[in-house]
2 protein chains.
Amino acid sequence: MAKEIKNDTSTEEKILAAAKQVFMEKGIDGARMQDIADKAGINKALLHYYFRSKDKLFEMIFMEAARQFLPKVTSIMSSELPLYEKVEKFVNEYIDTLLQNPTLPIFILNEINRNPKDAIKKIFGNQRPPIDKVEEHIAKLVKKGEIKPVKGYELMINMVSLCIFPFLARPMVQWITKTNDEEFLQLMELRKKSVVRFVIDSIKK
Amino acid sequence: MAKEIKNDTSTEEKILAAAKQVFMEKGIDGARMQDIADKAGINKALLHYYFRSKDKLFEMIFMEAARQFLPKVTSIMSSELPLYEKVEKFVNEYIDTLLQNPTLPIFILNEINRNPKDAIKKIFGNQRPPIDKVEEHIAKLVKKGEIKPVKGYELMINMVSLCIFPFLARPMVQWITKTNDEEFLQLMELRKKSVVRFVIDSIKK
DNA sequence: TTTGTGTTTAACCAAATGGTTAAACTTTGT
DNA sequence: ACAAAGTTTAACCATTTGGTTAAACACAAA
C-alpha cells in the first residue's frame with residue numbers, strides 16, 4: 001500500500017503531450033477527446049481514467065502553458081542591469097521561449113479572451129508584473145537625459161508586442177516573407193537582434 | 001416576379017450582425033446556431049432559411065471581416081508620401097479601424113491559424129501587399145543617409161505588431177494598466193501618437 | 001383574391017461527442 | 001501466488017447540435 005515512486009513518465013505524460021498538441025491546434029472547443037486518446041495511443045476509457053473530464057484536462061494543459069508564458073522575464077525586469085541590457089535579455093529570453101513554443105501565444109490569448117479573470121489569475125498569480133521597477137528605472141534615466149521620456153508599461157507592451165505578434169500571425173508572416181517553417185524560425189532567431197535594436201534606437205537620445 | 005428593391009435592411013442584416021457578434025466572441029467551434037438565432041431575434045428555421053449552414057454563415061462573416069483587416073493601409077504604403085507621414089497615416093488608420101472593431105484581430109488570427117491558405121487568400125486576394133514599394137522607398141532614404149538601414153517587411157511587421165497586439169491581449173493590457181473598457185479605448189487613442197513616435201524615433205538618424 | 005415570400009412553431013432526425021460502465025486481461029510489486 | 005493498479009474492449013447513455021420538414025400564419029404585391 002506504500003506509495004512508491006510513481007512511474008508517471010509513461011502514460012500520463014503521453015496523455016498530457018497529446019492533449020497539449022490537440023488543444024493548441026484546435027482550441028478547447030475544437031478539440032476532441034477521441035483525438036487526444038488516439039494521439040496518446042490509448043483509448044477513451046483510459047483517458048477518462050486519468051483525467052476525469054475534458055475541462056480538467058484542459059485546465060492542466062493551460063496551467064502548464066500559463067507558467068511558460070510569463071517567462072524568467074520578470075526577474076530580468078526587476079534586476080539591477082542597465083536598461084539596454086534589460087531590453088536585450090528580455091527580448092532574447094522571450095523569443096527563445098517562443099521559438100520552443102510557437103503556438104503558445106494564440107493558445108494563451110484565446111483562453112484569456114474566453115475567460116479573462118481566471119486565465120489572468122493563472123498566469124500572473126495575483127501580483128502584477130514588476131513594471132513599477134521598470135518605471136522607476138526609466139524615470140531616472142529620463143531625468144539624467146540619457147533616454148527619451150517613455151512610460152514603463154508602454155515600453156513593456158511594445159517589447160512584448162514585437163516579440164509575440166509574429167508568432168501569432170505566423171502564417172501571414174510566412175506568406176509575406178515567402179519563408180517555409182524552417183526559414184521562419186531562422187527569421188525569428190535573427191529578429192532577436194533586430195527587435196533589440198529597434199527598441200533601443202527608439203528610446204535612446 | 002420582378003425583383004423589386006429587396007429590403008434587406010431588416011432580417012438578413014440582423015442575422016449577420018448577430019452572427020458576427022457570436023462568432024467573434026466564441027469562435028466558429030464555440031458558436032451555437034441557436035445563440036445566433038436568439039440574438040437576431042428569430043428562430044433556427046429562419047436562420048437556415050437565409051443561410052443554409054453554419055459554415056456558409058461563417059464564411060460570410062469572415063469575408064466581411066477579412067476586408068476590414070487589410071484596411072486602406074495598402075494605398076497609403078504605395079503612395080508618394082514622405083516616409084514619416086506614411087508611418088503616421090498607417091498607424092492612425094490601423095488603430096482607428098481596430099478601435100471600431102476591437103475583436104477583429106483575434107477572430108482573424110484564429111481563422112488564419114485554423115485554415116491558413118484559404119484565410120490568407122480571402123484577406124489578401126492573391127497579391128502580396130505592396131511592401132516592395134516600401135522597400136524601395138526605404139532603400140532610397142537609407143542611401144541618402146536619412147534613416148537607419150531597416151528592411152521594409154520588418155518595419156511593416158513591427159508597425160502592425162505594435163498596433164494589433166494590445167487589442168489581442170486586451171484583458172491583459174487592461175489588467176496591467178488598471179483600465180476599464182472606456183479607459184482602454186482612450187489609451188489606444190493616445191497610443192496612436194506614441195506608436196508613431198516610437199517607430200519614427202527608431203529609424204531616424 | 002390570389003400568390004409568393006417571409007416567418008413562426010414545433011416536432012423531428014442523425015450524427016457527434018463527452019462521459020460511463022462492466023468485464024476481462026496484463027503488469028507489477030509484495 | 002496474490003492483490004492492486006493499469007489497460008483494453010466494447011457496448012452504452014444522455015445531451016448537444018446542426019440541420020430538416022411540414023403545417024400554419026402574416027403580409028405585401030399583382
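We name chains A, B, ... by the order of the sequence lines, and we start the count at 1 in each one.
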Donor-acceptor contact below 3.5 Å, side chain B:Ser78 vs main chain B:Thr74: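 Here the side-chain-to-backbone pair exists.
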
Of the nucleotides [options], which one has an atom closest to the side chain of [X]?
{"X": "B:His48", "options": "D:dG19, C:dT9, C:dG6", "value": "D:dG19"}
{"X": "B:Tyr49", "options": "D:dG19, D:dT7, C:dT5", "value": "C:dT5"}
{"X": "B:Met33", "options": "C:dT9, D:dG18, D:dT9", "value": "D:dG18"}
{"X": "A:Arg32", "options": "D:dT9, C:dT8, C:dG18", "value": "C:dG18"}
{"X": "B:Lys44", "options": "D:dA10, C:dT17, D:dG18", "value": "D:dG18"}
{"X": "B:Tyr50", "options": "C:dG6, D:dT8, D:dG6", "value": "C:dG6"}

Row check, A:Phe58 ring normal vs A:Arg114 NZ/CZ: under 6.0 Å, within 45°: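 Verdict for A:Phe58: a cation-pi partner in A:Arg114.
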
Could you check how far [atom1] of [X] sits from [atom2] of [N], rounded to whole Å?
{"X": "A:Glu12", "N": "D:dG6", "atom1": "CD", "atom2": "P", "result": "10 Å"}
{"X": "A:Asp29", "N": "C:dT17", "atom1": "CG", "atom2": "C1'", "result": "13 Å"}
{"X": "B:Lys54", "N": "C:dA15", "atom1": "NZ", "atom2": "C1'", "result": "14 Å"}
{"X": "B:Asp55", "N": "D:dG19", "atom1": "CG", "atom2": "P", "result": "7 Å"}
{"X": "A:Lys14", "N": "D:dG6", "atom1": "NZ", "atom2": "P", "result": "14 Å"}
{"X": "B:Gln34", "N": "C:dA10", "atom1": "CD", "atom2": "C1'", "result": "12 Å"}
{"X": "A:Ile28", "N": "C:dT17", "atom1": "CD1", "atom2": "P", "result": "15 Å"}
{"X": "B:Phe58", "N": "D:dG18", "atom1": "CZ", "atom2": "P", "result": "14 Å"}

Before accepting this row, confirm whether a basic side-chain N of the pair B:Lys122/B:Glu59 lies closer than 4.0 Å to the acidic partner's carboxylate O.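 Between B:Glu59 and B:Lys122 there is a salt bridge, with a charged N closer than 4.0 Å to a carboxylate O.
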
Quick test of your reading of the model: are B:Arg67 and B:Glu64 salt-bridged, counting only N-O distances below 4.0 Å?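 Salt bridge flag = no for B:Glu64 with B:Arg67.
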
Run the side-chain contact (heavy atoms from CB on, under 4.5 Å) test on B:Val87 and B:Met159 for me, step by step, so that the C-alpha distance in whole Å, both residues' side-chain angles and the decisive distance to 0.1 Å come before the verdict. CA-CA 8 Å; B:Val87 171; B:Met159 281 196 295; 3.8 Å; yes

Distance check: side-chain N/O of A:Thr11 vs OP1/OP2 of D:dT7, anything under 4.0 Å?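 Looking at the OP1 and OP2 atoms of D:dT7, one of them is under 4.0 Å from a side-chain N or O of A:Thr11.
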
Counting only side-chain N and O atoms of B:Asn43, is one of them less than 4.0 Å from OP1 or OP2 of C:dT9?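 Checking B:Asn43 against C:dT9: no side-chain N or O falls below 4.0 Å of OP1 or OP2.
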
Just call it for A:Ala31: base, sugar-phosphate, or nothing, with non-hydrogen atoms closer than 4.0 Å on any strand.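 Answer is sugar-phosphate: A:Ala31 comes under 4.0 Å of backbone atoms only.
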
